Protein chains: 2
Amino acid sequence: MKAPQDVFTEYLANENLKMTPQRRLILDTMLKQEGHLSSEELYVYVKKRDSSIGQATVYRTLKLLSDSGLVEPLDFADGVTRYEPSYGKDHHDHLICERCGKNIEILDDTIERRQEELAAEHGFTLLKHKMYLYGICADCRK
Amino acid sequence: MKAPQDVFTEYLANENLKMTPQRRLILDTMLKQEGHLSSEELYVYVKKRDSSIGQATVYRTLKLLSDSGLVEPLDFADGVTRYEPSYGKDHHDHLICERCGKNIEILDDTIERRQEELAAEHGFTLLKHKMYLYGICADCRK
DNA sequence: TTTCGTGCAAACTATTTGCATATCA
DNA sequence: TGATATGCAAATAGTTTGCACGAAA
């Protein structure tokens, strides 16, 4: 599997876009973080490494990373778009504790298959789906 | 089953809030519309019936309707929160055409059941879920 | 008759964009 | 060299909020 940095560089070249130190740094920072980062959060980390980088560049780069398939936007419906590295990772959905915010990655073949079937039954070609389960985790229920 | 208007009145009384002509009109307008309305869209309809009503009142009332269980907020990830009447209606998910915006209500017992099981396997008590399937419909594929 | 609601406009938050300058290919 | 990227600040879009006045319980 290609390194993410190479994937990004190739994507940029393909689109007649350019690799820059900013883009390299933002991708690197994104990949080093675990879990789900908002643009704002990523911006904070990025600024620690290069305080001259502007917030707009982070927004713009995240869009590129998303278009190139390296990260995936998540939508927990709190008004903030978060991203997670997705390159080389299996698809998964999310199980979220409404009390403590705990966020567990889940995957279920039965559901995935039924989603395909359901779409087909309605004449749709399925492109993607979003599934979020919200509940209270065991710790919070104690 | 109680009338939605009564449900709303009771909810308000319970919360020490008041029924007003505006709230009555907004609920009534919401229920008369089919499908998924944003606050902005609802505001346009509401203004046709009473042009003195302010947009903030529509936002505030939608929140109350949501809290009282009469309507449900939807999140199609386009930056706009939409609502649909949910009182007395069965739960369902959405299958959305990315090209024409067609929006089909779907429901699948197998998926619903697996969602419960998945949550339980992780120690969660499931409160709710969101599932959106995105694809291209037959018409748009022609 | 007091608490709550309303309309208005201003405030807010997340994100996007215009522009002059700086940088990559 | 010429197209693209950057940082900044201003602009945008959806939504929320402060306030003085008006209305429901």
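In the text below, chain A, chain B and the rest are named by the order of the sequence lines, each starting its count at 1. Note that this is a predicted model, so its numbers are computed, not measured.
- Ion pairing between A:Glu10 and A:Lys2 holds under the 4.0 Å rule for side-chain N and carboxylate O.
- A:Tyr11 is linked by a ring-ring contact (aromatic ring centres under 6.0 Å, His included) to nothing, counting only residues two or more places apart in sequence or in another chain.
- As rounded to whole Å, 12 Å separates atom P of C:dT15 from atom CG of A:Leu42.
- The residue among A:Leu17 and B:Thr20 whose nearest nucleotide of DNA chain D is located toward the 5' end is A:Leu17.
- Between the CG atom in B:Leu74 and the OG atom in B:Ser38 there is a gap of 11.0 Å [rounded to 0.5 Å].
- In this structure B:His94 satisfies the ring-ring contact (aromatic ring centres under 6.0 Å, His included) test together with B:His36, B:Phe76, B:His92, sequence neighbours excluded.
- Atom-to-atom, CD1 of B:Ile53 to P of D:dA23 comes out at 14 Å; the value is rounded to the nearest Å.
- Listed by chain and residue number, nothing satisfies the side chain to side chain donor-acceptor pair (under 3.5 Å) test with B:Thr110 (two or more places apart in sequence, or in another chain).
- For C:dT23, its base never sits under 3.5 Å from the side chain of A:Lys18 at any donor and acceptor pair.
- The stretch residues 43-50 of chain B does not touch DNA chain D, since none of its heavy atoms comes less than 4.0 Å from the strand.
- For B:Arg82, the salt bridge (Lys or Arg N to Asp or Glu O under 4.0 Å) partners are B:Glu41, B:Asp78, not counting sequence neighbours.
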When the side chains of residues 62-69 of chain A are checked against the rest of the protein, which donor-acceptor pairs come out under 3.5 Å, sequence neighbours left out?
residue: A:Ser68; atom: OG; partner: A:Leu64; partner atom: O; Å: 3.2
residue: A:Ser68; atom: OG; partner: A:Leu65; partner atom: O; Å: 3.0

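- Counting to the nearest Å, the C1' atom of C:dA14 and the OH atom of A:Tyr83 are 11 Å from each other.
- Under the ring-ring contact (aromatic ring centres under 6.0 Å, His included) criterion, B:His122 pairs with no residue, sequence neighbours left out.
- Atom CD of A:Glu84 sits about 10.5 Å away from atom CG of A:Leu37, to the nearest 0.5 Å.
- Taking a 4.0 Å limit (strictly below) on heavy-atom distances, residues 67-75 of chain A does not reach DNA chain C anywhere.
- Atom C1' of nucleotide C:dC4 and atom CG of B:Leu64 are separated by 12 Å, given to the nearest angstrom.
- Smallest separation of non-hydrogen atoms from A:Met30 and A:Tyr83: CE-O, 3.3 Å.
- Near DNA chain C, meaning a heavy atom under 4.0 Å away, the residues from residues 22-37 of chain B are B:Gln22, B:Arg23.
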All N/O contacts under 3.5 Å from nucleotides 10-12 of chain D to the protein, with atom names and distances to one decimal?
none

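- Taking the charged nitrogens against the carboxylate oxygens, B:Arg114 and A:Glu112 have no contact shorter than 4.0 Å, which rules out a salt bridge.
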Letter by letter from the 5' end, nucleotides 15-22 of chain D scores (B base, S sugar-phosphate only, - none; protein heavy atoms under 4.0 Å) BBBB----
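- At least one donor-acceptor pair closer than 3.5 Å links the side chain of B:Arg23 to the backbone N or O of B:Lys18.
- Annotation for B:His129 and A:Leu133: closest pair CB-CD2, 3.4 Å, computed over non-hydrogen atoms.
- In this structure, CD of A:Glu10 is placed 16 Å from C1' of C:dA25, rounded to the nearest angstrom.
- How far CD1 of B:Ile136 is from CZ of B:Arg141: 8.0 Å, rounded to the nearest 0.5 Å.
- Atom CZ of A:Arg60 and atom CD1 of A:Ile26 lie 10.0 Å apart (nearest 0.5 Å).
- Between its opening and closing five pairs, the helix from C:dT1-D:dA25 to C:dA25-D:dT1 changes axis direction by 30°, a value rounded to 10 degrees.
- The line from OH of B:Tyr43 to OG1 of B:Thr29 is 13.0 Å long, rounded to the nearest 0.5 Å.
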With side-chain contact (heavy atoms from CB on, under 4.5 Å) as the test, would you mind laying out the steps for A:Leu31 and A:Gln5 before giving the verdict?
CA-CA 10 Å; A:Leu31 294 178; A:Gln5 290 77 4; 4.1 Å; yes
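- With values rounded to the nearest 0.5 angstrom, B:Phe124 atom CZ is found 11.5 Å from B:Leu118 atom CG.
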